[in-house]
**Q** 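Take this structure, written in structure tokens, and hold onto it; I'll ask about it next.
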Amino acid sequence: MKERPEYVLFDKDTKAIVFGYQQNAIQRMLDFDYICRRKEPSVTCIVNPTREGYHKCFWGTKDIMIPMYKTIKEAVEKHPDADVMVNFASFRSAYQTSKEALESKTIRTVAIIAEGVPERRSRELIKIANEKKKWIIGPATVGGIAGGGFRIGNTAGMLDNIIACRLHRPGSVAYVSKSGGLSNELNNIIARNTDGVREGVAIGGDRYPGSTFIEHIERYEKNPDIKMIVLLGEVGGVDEYVVVDALKSGKIKKPLVAWCIGTCSKVFPAEVQFGHAGARAGAERETADVKNKALKEAGAVVPDSFEDFDKKIKETFDKEVKAGRIKPMPDIEPPKIPLDYKVAIRDGIVRRPSEFISTISDDRGEELMYCGVPISKIFEDDYGLGGVLGLLWFKKKLPKWSTDFLEMVVLLTADHGPAVSGAHNAIVTARAGKDLISSLVSGLLTIGPRFGGAVKGAADHFTSYCDAGHPPEFMVKDMKIKNINIQGIGHRIKSVTNPDKRVELLKDYAKKNFPMTPYLDYAIEVEKITTAKRGNLILNVDGCIGILCCDMFRSIGYTKEEVKEFVSLGTLNALFVLGRSIGFMGHIMDQKRLKTGLYRHPWDDIAYMMPDKPEKVK
Amino acid sequence: MAQRGVREFDAKKMLATYWSEYVSKEFSYPGKVALVGPETNMDKLAKEEPWLKKEKLVIKPDQLFGKRGKHGLIKLNASFDEAKKWIKERINKDTKVGKVTGTLTHFIIEPFTPHEGEYYIAIKSNRAGDTIYFSNHGGVDIESVWDTVAEIPVGITDDIDKIDIESKLPKDTPKESKKIITDFIRGLFRFYADLGYAYLEINPFAITDNKIVPLDLVARIDDTAYFECQSKWGDLTFPAPFGRKLSKEEYYIKELDEKTGASLKLTLLNPKGNVWTMVAGGGASVIYADTIVDLGYKDDLANYGEYSGNPNRDSTYEYAKTVLDLMTREKAPKGKPKFLIIGGGIANFTDIAKTFAGITMALKDYKKKLQEINVKIYVRRGGPNYQEGLKIMKKLGEELGVPIEVYGPEMHMTRIVPMALDGGN
């Protein structure tokens with residue numbers, strides 16, 4: 001590894017560890033590296049206390065993997081070539097993590113991004129850095145940038161701004177400011193009035209920044225590639241006076257253009273706080289006016305107001321060029337950086353056929369939408385369960401009579417005791433110690449042509465004969481000939497004289513509320529014929545639900561063909577599954593609550609009829 | 001997020017609570033202090049703090065300003081009834097303290113302690129650590145007797161117990177008091193360092209019957225230490241500095257600022273001024289105000305206005321409406337135009353077009369008034385999607401029939417100020 005001079009904190013070979021899984025910042029650092037035509041990415045690894053492995057990101061158009069470790073210790077051991085840590089830890093952990101990095105052998109500079117690090121902790125870190133001759137940038141900063149070399153995290157913003165400010169190649173001017181927010185403006189001013197930025201650091205707005213104006217200015221003074229220095233100070237504090245002293249003692253020989261912001265503080269009523277945390281004037285000496293005057297008297301180039309800052313920078317630069325002390329750095333065409341897909345989409349530049357389509361809901365906006373209805377409206381307008389079913393299953397705002405009917409179906413099918421095969425399976429599975437979902441699924445998988453499936457079967461049978469215009473007698477006869485049991489007809493116990501209460505409820509409701517019930521009317525005619533044969537061949541609850549659902553669809557205005565399609569989609573089974581899941585889950589929780597043990601079927605309930613020996617196949 | 005003043009009452013209560021933990025078990029601080037605010041029922045307070053009716057009292061405002069004696073704002077040796085009367089005469093009244101006029105709202109009451117010697121102690125943070133200042137001549141303007149003050153620097157990681165305090169005390173320290181003073185300095189320092197203090201001054205304190213009695217105390221706490229000290233701070237509040245009452249509009253924006261995660265600031269400087277600002281970013285907003293003042297338009301500057309931290313459309317809309325309402329209440333004299341500076345630097349990641357959405361909504365609401373008042377608008381901004389943002393503003397100008405000049409990063413940040421105010425010269 002090439003040894004870096006002590007006055008250079010970062011260049012085009014700098015390798016950094018990023019603490020904190022800041023995916024955007026990491027990609028921005030890599031994109032910057034790429035347009036600087038660096039040979040290798042600057043982010044050598046990531047420390048993420050909660051995950052290790054690899055992070056995938058882009059290097060130009062290519063995918064690359066960056067290793068990720070859980071500890072700083074592992075990261076520095078595996079990557080001794082990294083001498084910068086960009087610390088995105090929160091204000092709570094910034095101290096511990098920065099301390100660990102400063103105490104490591106190989107990290108020389110730690111940039112602390114967090115705002116709100118306690119002053120006592122900052123000062124402890126400063127002491128460690130001083131003792132070990134290391135550097136802290138921040139806390140409370142965006143970081144800094146070396147033109148054409150390295151960027152700390154998010155410094156200088158988006159790529160188009162970086163290119164507009166020609167930061168993808170080095171210039172001859174270095175700056176130091178407190179505010180990170182203004183560093184972008186400085187990049188812009190310097191790019192427009194000189195040959196650009198060689199290096200820029202925002203030391204952060206805290207009272208005790210990890211490194212100070214003078215420390216960076218002294219570095220810039222020593223660096224032969226830096227020809228001119230820009231300082232943007234602030235009202236409050238006395239750090240600018242150290243620079244004044246250095247100017248006076250001749251320590252700073254390079255041209256220094258300086259300005260302290262906050263000259264307006266004099267027109268403010270006492271104790272007004274500016275937007276910026278560091279900007280609070282106390283004593284006269286700490287005012288921007290007095291500081292600007294002192295800097296000017298000490299030999300810095302100080303404009304009369306920020307308005308002339310750009311002109312002073314230009315004049316100073318041009319003078320140096322004229323005197324032959326600056327040979328302006330060339331402009332370089334940056335390589336094309338592929339547009340981010342997200343940006344391209346936003347700007348309407350690209351399109352791509354989508355793999356999935358959803359027509360029932362949308363979760364992307366401010367509010368979740370069901371079929372175009374915001375979730376708040378679902379409650380305002382009292383959609384209820386039936387109304388939501390209407391939106392998500394049928395994509396219709398259903399009338400109240402039909403949503404009430406759907407809810408009625410859910411309630412009626414919610415359970416049918418523990419003995420039916422689905423509930424039994426669910427109970428047996430729960431007793432085998434399986435979780436709720438496994439047990440539920442075990443029960444649901446039982447639903448089909450023989451259990452619960454009669455809802456769909458009945459709908460199929462009755463609608464096809466009815467729609468074809470066959471009289472009910474024909475249907476009974478025809479199915480008899482074909483030797484098919486009519487689905488939805490027949491009950492184990494219930495009969496004409498002992499009707500099923502559930503069926504009565506459904507029929508009454510439909511007669512009172514449905515605009516029309518052609519299938520039910522047809523089925524009742526069929527029932528008259530079958531019950532004449534045997535009393536228990538009544539229209540059962542499954543049949544009634546299936547038929548009434550089809551009546552409902554027809555009443556809403558669907559055609560016969562559309563109703564057939566709904567049935568074939570499994571809509572009717574879906575209603576049964578929805579309802580019965582309530583009961584299954586009830587049984588499962590019941591078993592778990594009772595802590596029932598593993599079920600084993602008793603031997604005496606099984607007729608063992610094993611042959612003595614297998615039949616031989618000839 | 002910085003050093004912030006705390007009430008004398010809170011600091012003294014804290015000192016009393018943690019006295020035996022940090023300072024001394026041998027000598028004590030009785031910690032009899034009471035706070036009276038606008039809501040306080042004095043008679044109820046007297047039941048909670050029975051000493052109020054038994055002892056002679058001292059009463060002072062407790063609102064983060066000093067030199068209260070000089071401003072005639074200390075009542076000494078008063079009975080409870082006298083104290084009640086004294087406070088009643090002053091509470092909720094506008095009072096001038098130095099150059100600042102504000103409302104007195106909070107008072108601290110303590111027992112009146114007759115005493116002889118008055119001592120001075122202060123601890124102040126600096127980059128390398130903290131410095132302890134001590135003098136046997138407190139109770140006066142300490143600057144006037146600065147040569148009696150001993151300075152004891154304590155490095156940031158130094159152990160206060162290993163520092164020889166006694167030998168560093170001023171030469172005129174009475175021999176018999178040296179131990180108690182040394183112990184107190186050590187204890188107070190531990191308290192200061194462990195509880196997140198950044199400045200603590202007791203001037204004066206007295207020593208009577210082996211008791212330390214802090215008489216006047218001023219303190220600042222580093223509020224970023226909250227996550228380390230919250231259990232010891234309790235429900236500590238940081239009152240607003242004593243000063244000018246906020247106008248209705250400033251108060252509204254302050255509330256808005258506290259409600260959102262973003263930053264919205266408004267200070268009215270001169271409601272009759274004809275230059276109004278609405279600038280994105282803390283630093284940039286200061287620079288715009290600077291430039292207006294530095295170019296000689298100090299008296300024209302109507303407000304300081306800042307929005308940053310990505311406020312949502314609704315907050316920006318409310319903010320802009322408030323400024324526009326203030327700005328368009330009356331015409332400038334002699335039919336002169338008024339200027340609105342919608343400035344800002346180059347944003348890092350904020351979508352400029354989006355941040356303008358709330359502002360354009362407000363400008364549309366005020367279309368008629370902006371025309372009537374003869375408002376001219378100048379915009380300068382950079383950052384992601386700024387071209388689109390500027391286009392929107394430009395189009396809006398045509399739509400509103402109000403002149404809007406629009407510039408991006410190609411224009412020096414503050415150049416719109418002379419363009420507007422010098423008429424382009």
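This one's a predicted model, so the numbers in the text were calculated from it and none came from an experiment. So you know, we letter chains A, B, ... as the sequences are listed, proteins then strands, and number each from 1.
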**Q** Check whether any side-chain heavy atom of B:Phe349 lies under 4.5 Å from a side-chain heavy atom of A:Arg28, and answer yes or no.
**A** yes
**Q** Quick one: which of B:Met413, B:Glu388, B:Lys298 has the most heavy-atom pairs under 4.5 Å with chain A, could you say?
**A** B:Met413
**Q** Mind checking whether A:Thr212 and B:Arg127 have side chains closer than 4.5 Å, heavy atoms only?
**A** yes
**Q** Below 4.5 Å, heavy atoms only, C-beta onward: do A:Leu182 and B:Ile287 meet side chain to side chain?
**A**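 They are in contact (side-chain heavy atoms under 4.5 Å apart), so the answer is yes.
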**Q** Output the option from A:Met158, A:Arg120, A:Lys127 having the highest count of non-hydrogen pairs under 4.5 Å with chain B.
**A**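 The residue among A:Met158, A:Arg120, A:Lys127 with the greatest pair count is A:Arg120.
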**Q** Could you give the distance from CZ (A:Arg121) to CD1 (B:Ile156), rounded to the nearest 0.5 Å?
**A** 8.0 Å
**Q** Would A:Glu234 and B:Val286 count as a side chain to side chain contact (heavy atoms under 4.5 Å, CB included) if you check the C-alpha gap in whole Å, the side-chain angles of each, and the deciding distance to 0.1 Å?
**A** CA-CA 10 Å; A:Glu234 243 178 39; B:Val286 174; over 6 Å; no
**Q** Between chain A and each of B:Asp299, B:Asn270, B:Asn348, B:Val293, count heavy-atom pairs under 4.5 Å; write down the option with the most.
**A** B:Asn348
**Q** Pick whichever of A:Arg207, A:Lys266, A:Glu185, A:Arg346 has the most heavy-atom pairs under 4.5 Å with chain B.
**A** A:Glu185
**Q** Let me know if B:Asp351 has heavy atoms under 4.5 Å from chain A in its side chain, its backbone, both or neither.
**A**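 For B:Asp351, side-chain heavy atoms alone lie under 4.5 Å from chain A.
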**Q** Output the distance between atom OG (A:Ser93) and atom CZ (B:Phe227), rounded to the nearest 0.5 Å.
**A** 8.0 Å
**Q** Donor-acceptor pair, distance only, cut-off 3.5 Å: does the side chain of B:Asp290 make one with the backbone of A:Thr263?
**A** yes
**Q** Does CZ in B:Phe238 sit with more than 12 non-hydrogen atoms of other residues, nucleotides or ligands closer than 6.0 Å?
**A** yes
**Q** What part of A:Val343 gets closer than 4.5 Å to chain B, counting heavy atoms only: side chain, backbone, both or neither?
**A**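 For A:Val343, no heavy atom lies under 4.5 Å from chain B.
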**Q** Say you draw a straight line from CD of B:Glu410 to CG of A:Asn188; how long is it, rounded to the nearest 0.5 Å?
**A**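 Output value for this atom pair is 9.0 Å.
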**Q** With a 4.5 angstrom heavy-atom cut-off, is it the side chain or the backbone of B:Leu264 that approaches chain A, or both, or neither?
**A**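 Nothing of B:Leu264, per the 4.5 Å heavy-atom cut-off to chain A.
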**Q** Contact part of B:Ala240 toward chain A, heavy-atom cut-off under 4.5 Å: side chain, backbone, both or neither?
**A**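 It is neither, since no heavy atom gets under 4.5 Å.
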**Q** Answer with side chain, backbone, both or neither: which region of A:Asn154 has an atom nearer than 4.5 Å to a non-hydrogen atom of chain B?
**A** both
**Q** Would you say B:Arg313 has more than 12 foreign heavy atoms packed within less than 6.0 Å of its CZ?
**A** no
**Q** Between A:Lys311, A:Arg92, A:Glu124, who has the most heavy-atom pairs with chain B when the cutoff is under 4.5 Å?
**A** A:Arg92
**Q** Based on non-hydrogen pairs under 4.5 Å, which of B:Thr291, B:Asn385, B:Ile292, B:Asp130 is most in contact with chain A?
**A** B:Asp130
**Q** With a 4.5 angstrom heavy-atom cut-off, is it the side chain or the backbone of A:Ala140 that approaches chain B, or both, or neither?
**A**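 Neither part; nothing is under 4.5 Å.
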**Q** Output yes when a side-chain donor or acceptor of B:Tyr304 lies under 3.5 Å from a complementary backbone atom of A:Phe268, and no otherwise.
**A**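 No, because the side chain of B:Tyr304 does not come within donor-acceptor range (under 3.5 Å) of the backbone of A:Phe268.
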**Q** Go through the atoms of A:Arg123 and report whether side chain, backbone, both or neither lie under 4.5 Å from a heavy atom of chain B.
**A** both
**Q** Parallel, tilted or perpendicular, judged at 30° and 60°: which one describes the rings of B:His412 and A:Phe306?
**A**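 Correct class here is parallel.
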**Q** Any chance NZ of B:Lys124 has more than 12 other-residue heavy atoms, nucleotides or ligands included, within less than 6.0 Å?
**A**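 For B:Lys124, atom NZ is not crowded (no more than 12 foreign heavy atoms under 6.0 Å).
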**Q** Check whether B:Leu269 gets within reach of chain A through its side chain, its backbone, both or neither, counting any heavy atom under 4.5 Å.
**A** side chain
**Q** Who among A:Ile126, A:Asn161, A:Ile189 has the most heavy-atom pairs with chain B under 4.5 Å?
**A**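 The residue among A:Ile126, A:Asn161, A:Ile189 with the greatest pair count is A:Ile126.
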**Q** Minimum heavy-atom separation for B:Leu295 and A:Ser305, please, with both atom names.
**A** CD2-OG, 4.0 Å
**Q** Return the option, out of A:Val142, A:Val267, A:Asn24, with the maximum number of heavy-atom pairs under 4.5 Å with chain B.
**A** A:Val267
